[in-house]
Amino acid sequence: MNKIKHIAFALLGLLCCTSCIKNTIPYPVVEIEILQYEGEGFRAQIDPLTRTVTLTLDEQTDITAVEVTNVQITDEGTASTHLTGTFDMRTPMEVTLSLYQDYVWTIQAVQPIERYFTVAGQIGPTEIDPESYTATVYVAEGTDLEQIRVTSLKLGPKDVTTMTPSIEELTSFSSVRYVYLQYPSLKGAQERWQLYVLETDVKVTLTQADAWAKVAWLYGAAEEGTRVGFRYRKVGEEAWSEVTNVSQTGGTFTAKVTGLTPDTEYEFLAYSNEDLSPTVIRRTEQMAQLENSGFEDWCVVNEIVYPYAEGGSPFWATGNVGASLVKATVTEGVSDIRPGSSGRKSARLTSIFANIFGIGRFAAGNLYVGNYVRNDGTHGIINFGRPFTARPVALRGWVKYTCGAIDRITTQPPGVTIEQGDMDCGSIYLALGDWDPAIYGGTADSPVEVATRRIDETAFNPNSEAVIAYGELLFKESVDGWTEFTIPLDYRATDRIPTHIFVVCAASRYGDYFTGSTSSVMWVDDFELIYE
């Protein structure tokens with residue numbers, strides 16, 4: 001009996017000692033994220049880097065009562081508050097997502113409202129300040145301000161705004177005129193807008209002149225209904241050239257000048273009837289090209305193929321560093337060149353599924369302007385972009401493509417459904433932008449990070465605010481022989497100067513998601529940036 005007691009006390013002591021042992025096993029780091037955010041009357045943009053969800057509200061949406069119907073977060077995560085329901089989004093909302101650690105997310109709303117105010121005989125664009133609720137237009141000196149005809153007026157959300165007085169009652173503008181707006185978000189209150197029609201002695205002005213390498217974009221302002229246009233000449237020449245194809249809208253007019261000489265100073269002016277604006281001088285840009293654009297230079301370092309000359313400076317990169325984990329090469333220089341090429345090589349991009357020691361991974365043939373940073377297990381981290389400040393209008397090159405049926409599906413992009421047997425899709429796209437590496441995760445040289453382990457977060461977004469111009473060409477079927485292509489660039493503004501460029505070629509469009517066809521192969525050759 002005493003022996004049993006001793007054993008019992010010994011066990012009790014062991015249990016007590018065990019209960020005093022400190023748990024030093026660290027919790028895993030699982031970042032909890034908002035993956036999907038849906039509702040009525042808005043579009044949601046999720047930015048995992050800043051942990052921000054931005055809702056762009058339709059004009060008619062009541063910002064004080066935004067309906068959120070579906071929110072998805074990382075599995076097993078919890079939120080500090082309800083994520084669905086009706087919310088007043090006039091101020092940002094913070095929510096803490098938790099599992100092993102806490103992550104604070106911000107949900108905010110913006111509501112762009114198209115506003116305009118124009119009058120007959122207007123000179124130049126309207127100045128609208130929504131912060132002070134003022135709108136101002138200009139007319140020529142001597143205009144009878146008691147007899148102004150308002151041609152358009154919209155200051156509040158469409159379809160849900162009432163305005164007093166009506167547009168028909170607004171004729172006299174000898175002093176400021178007030179209009180009062182009501183719409184649902186105001187909750188019975190009113191907005192009071194001040195409308196000004198002011199006289200100006202300026203007959204015509206050249207408001208903006210953006211000179212690229214071989215084209216210039218001109219913007220002018222003058223009295224509505226007058227004969228307007230632009231002239232230009234090289235600095236030092238006497239004769240002026242007339243700009244054709246001028247487009248006029250109210251008191252503003254625009255035109256595109258072509259046939260300019262790169263790296264040359266030009267004078268530009270605008271005119272209205274016989275009145276001339278002051279001249280401005282702009283220097284056109286140089287016509288920069290992509291390095292190794294004919295894909296002639298290749299080297300092998302530690303059994304890995306790189307798209308630049310031995311000892312040279314890297315400009316292009318590939319996924320060969322990642323594919324080397326399974327002793328494979330997905331992109332290489334080959335002697336199959338396009339007809340008429342003065343070079344000896346082109347680039348061949350081959351999508352594969354490689355397996356070694358039981359480790360298998362689909363790898364798309366790819367070639368891009370940027371840098372392969374490192375392997376992340378069987379994933380990869382790459383940075384897009386190289387410094388570039390010129391503004392081409394298109395990319396021209398040559399391509400062949402064998403389009404295979406999809407036989408490897410790992411993950412899929414949000415909103416895309418891919419099934420076995422669907423045809424693969426090749427892609428070539430390029431972008432110019434002013435990306436901040438502190439925001440986009442890269443470096444000063446290659447500012448945009450794409451990490452395949454976090455591909456939903458880091459996939460390139462052509463609609464981001466940093467993108468100045470973008471163009472894309474998709475190949476949904478085979479291109480049997482060498483074929484010339486041109487990808488026009490769609491510019492969001494003519495006055496923004498890029499800091500970087502990148503070009504991305506992929507035999508399998510969704511290779512970043514390890515999805516595609518092992519039969520897909522793309523060849524590319526002789527890329528050239530076009531400036532007119």
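Small disclaimer: the values here were computed from a predicted structure and weren't measured.
- Residue Glu532 comes nearest to Lys214 through the heavy atom pair OE1-CE, 3.4 Å, listed as atom of the first residue, atom of the second, then distance.
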Derivation of the side-chain contact (heavy atoms from CB on, under 4.5 Å) call for Met522 and Val399 | CA-CA 7 Å; Met522 177 182 286; Val399 65; 4.0 Å; yes
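- Using cut-offs of 30° and 60° for the angle between ring planes, the Phe475 and Phe485 rings count as perpendicular.
- Distance CD1/Ile113 to CG/Asp58: 11.5 Å, rounded to 0.5 Å.
- Side chains of Thr96 and Asp102: a donor-acceptor N/O pair is absent below 3.5 angstrom, by distance only.
- In this structure, the side chain of Asn292 engages the main chain of Pro307 through a donor-acceptor pair within 3.5 Å.
- Ring pair Tyr510/Tyr513 is perpendicular by interplanar angle, where above 60° counts as perpendicular and below 30° as parallel.
- Separating the CD1 atom in Ile34 from the OG1 atom in Thr74 is a distance of 9.5 Å, to the nearest 0.5 Å.
- Nearest heavy atom pair, residue Leu276 against residue Val204, reads C-CG1, 3.6 Å.
- Ionic pairing of Arg348 and Glu332 is present here: one or more N-O contacts between side-chain nitrogen and carboxylate oxygen are shorter than 4.0 angstrom.
- Here the straight-line distance linking atom OG1 of Thr331 with atom CG of Leu349 works out to 4.0 Å at 0.5 Å rounding.
- The minimum heavy-atom distance between Ile418 and Pro413, with the atom names listed, is CD1-CD, 4.4 Å.
- Leu489 places none of its side-chain heavy atoms less than 4.5 Å from the side chain of Leu395.
- Note: Asp525 CG to Ser341 OG = 4.5 Å, rounded to the nearest 0.5 Å.
- The minimum heavy-atom distance linking Val330 with Gly319 is given by the pair CG2-C, 4.1 Å.
- Lys476 places none of its side-chain heavy atoms less than 4.5 Å from the side chain of Met423.
- Side-chain contact between Ile487 and Phe527 is absent, with no heavy atoms from C-beta onward closer than 4.5 Å.
- Proximity of a side-chain donor or acceptor of Gln286 to a complementary backbone N or O of Ala390 within less than 3.5 Å is not detected.
- Note that CZ of Phe514 and CZ of Phe353 are 11.0 Å apart. Values are rounded to the nearest 0.5 Å.
- No more than 12 heavy atoms of other residues, nucleotides or ligands sit less than 6.0 Å from atom CD of Glu477.
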Determine, stepwise, if the pair Arg51 / Val104 fulfils side-chain contact (heavy atoms from CB on, under 4.5 Å).
-> CA-CA 7 Å; Arg51 301 193 183 105; Val104 178; over 6 Å; no
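- Between the side chain of Gln111 and the backbone N or O of Thr61, at least one donor-acceptor pair lies under 3.5 Å.
- Side-chain atoms of Asn371 and Ser446 form no donor-acceptor pair, as typed in the model, at a separation below 3.5 Å.
- Residue Gln289 places its CD atom among more than 12 non-hydrogen atoms of other residues, nucleotides or ligands, all under 6.0 Å distant.
- Using a 4.5 Å heavy-atom threshold, the side chains of Thr318 and Val305 count as separate.
- Checked by atom type and distance alone, the side chain of Asp436 pairs as donor or acceptor with a backbone atom of Ala438 at under 3.5 Å.
- Residues Arg391 and Glu285 are paired through a salt bridge, judged by an N-O separation under 4.0 Å between the basic side chain and the carboxylate.
- Within the 4.5 Å cutoff, side-chain heavy atoms of Pro112 are placed close to those of Thr56.
- Without hydrogens or angle criteria, Glu59 side chain to Lys158 main chain gives a donor-acceptor distance under 3.5 Å.
- Side-chain contact, Thr494 with Asp210: a donor N or O sits under 3.5 Å from an acceptor N or O.
- Shortest non-hydrogen contact noted between Met89 and Ile107 is CE-O, 3.4 Å.
- Remark: Arg231 is positioned above the aromatic ring of Tyr271, its terminal NZ or CZ atom under 6.0 angstrom from the ring centre and at most 45 degrees off the axis.
- Note on ring orientation: taking the six-membered ring where Trp is involved, the planes of Phe230 and Phe253 are tilted (angle from 30° to 60°).
- Listed by first and then second residue, the salt bridge (charged side-chain N to carboxylate O under 4.0 Å, His left out) pairs involving residues 394-413 are Asp336-Lys400, Arg396-Glu484, Arg396-Glu528 (not counting sequence neighbours).
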Test Arg492 against Ile468 for side-chain contact (heavy atoms from CB on, under 4.5 Å), laying out the working first.
-> CA-CA 6 Å; Arg492 285 79 194 270; Ile468 296 172; 5.8 Å; no
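- Between Pro447 and Tyr440 there is no side-chain heavy-atom pair separated by less than 4.5 Å.
- Screening Phe388, Tyr368, Phe384 for a ring pair (Phe, Tyr, Trp, His ring centres under 6.0 Å) with Phe502, the sole residue that qualifies is Phe384.
- The heavy-atom pair separating His500 from Asp445 by the smallest distance is CD2-O, 3.3 Å.
- Side-chain atoms of Ser277 come within 3.5 Å of backbone atoms of Ala270 as a donor-acceptor pair (strictly under, hydrogens ignored).
- By the 6.0 Å contact criterion, CD on Glu40 is open, its count of non-hydrogen atoms from other residues, nucleotides or ligands being 12 or less.
- Two residues are said to be in side-chain contact when any heavy atoms from C-beta on lie closer than 4.5 Å; Thr515 and Phe362 fail this criterion.
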side-chain contact (heavy atoms from CB on, under 4.5 Å) between Trp316 and Arg386, intermediate numbers included = CA-CA 9 Å; Trp316 296 88; Arg386 294 294 186 190; over 6 Å; no
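- In the displayed structure, Glu76 atom CD is contacted under 6.0 Å by at most 12 heavy atoms of other residues, nucleotides or ligands.
- Contact check for Val504 versus Asn366: no side-chain heavy atoms found under the 4.5 Å cut-off.
- Counting heavy-atom neighbours within 6.0 Å of Asn463 CG, excluding the residue itself, gives a total above 12.
- Heavy-atom contacts from other residues, nucleotides or ligands closer than 6.0 Å to CG of Asn70 number more than 12.
- Using a distance-only test at 3.5 Å, with no hydrogens or angles considered, no donor-acceptor pair links the side chain of Tyr470 to the main chain of Gly433.
- Panel note: side chain Ser517, backbone Ala405; a donor-acceptor pair is recorded below 3.5 Å.
- No donor-acceptor pair closer than 3.5 Å links the side chain of Thr279 to the backbone N or O of Leu269.
- Distance alone, capped at 3.5 Å, places no donor-acceptor pair between the Ser98 side chain and the Thr78 backbone.
- Glu237 CD: more than 12 foreign heavy atoms inside a 6.0 Å radius.
- Classification of Asp263 and Arg283 as a salt-bridged pair holds, one side-chain N sitting under 4.0 Å from a carboxylate O.
- Open room surrounds CZ on Arg43; 12 or fewer heavy atoms of other groups in view lie less than 6.0 Å from it.
- Rounding to the nearest 0.5 Å gives a distance of 8.0 Å between CD1 of Ile337 and OG of Ser346.
- Side-chain rings of Trp217 and Trp212 approach one another, their centers coming within less than 6.0 Å.
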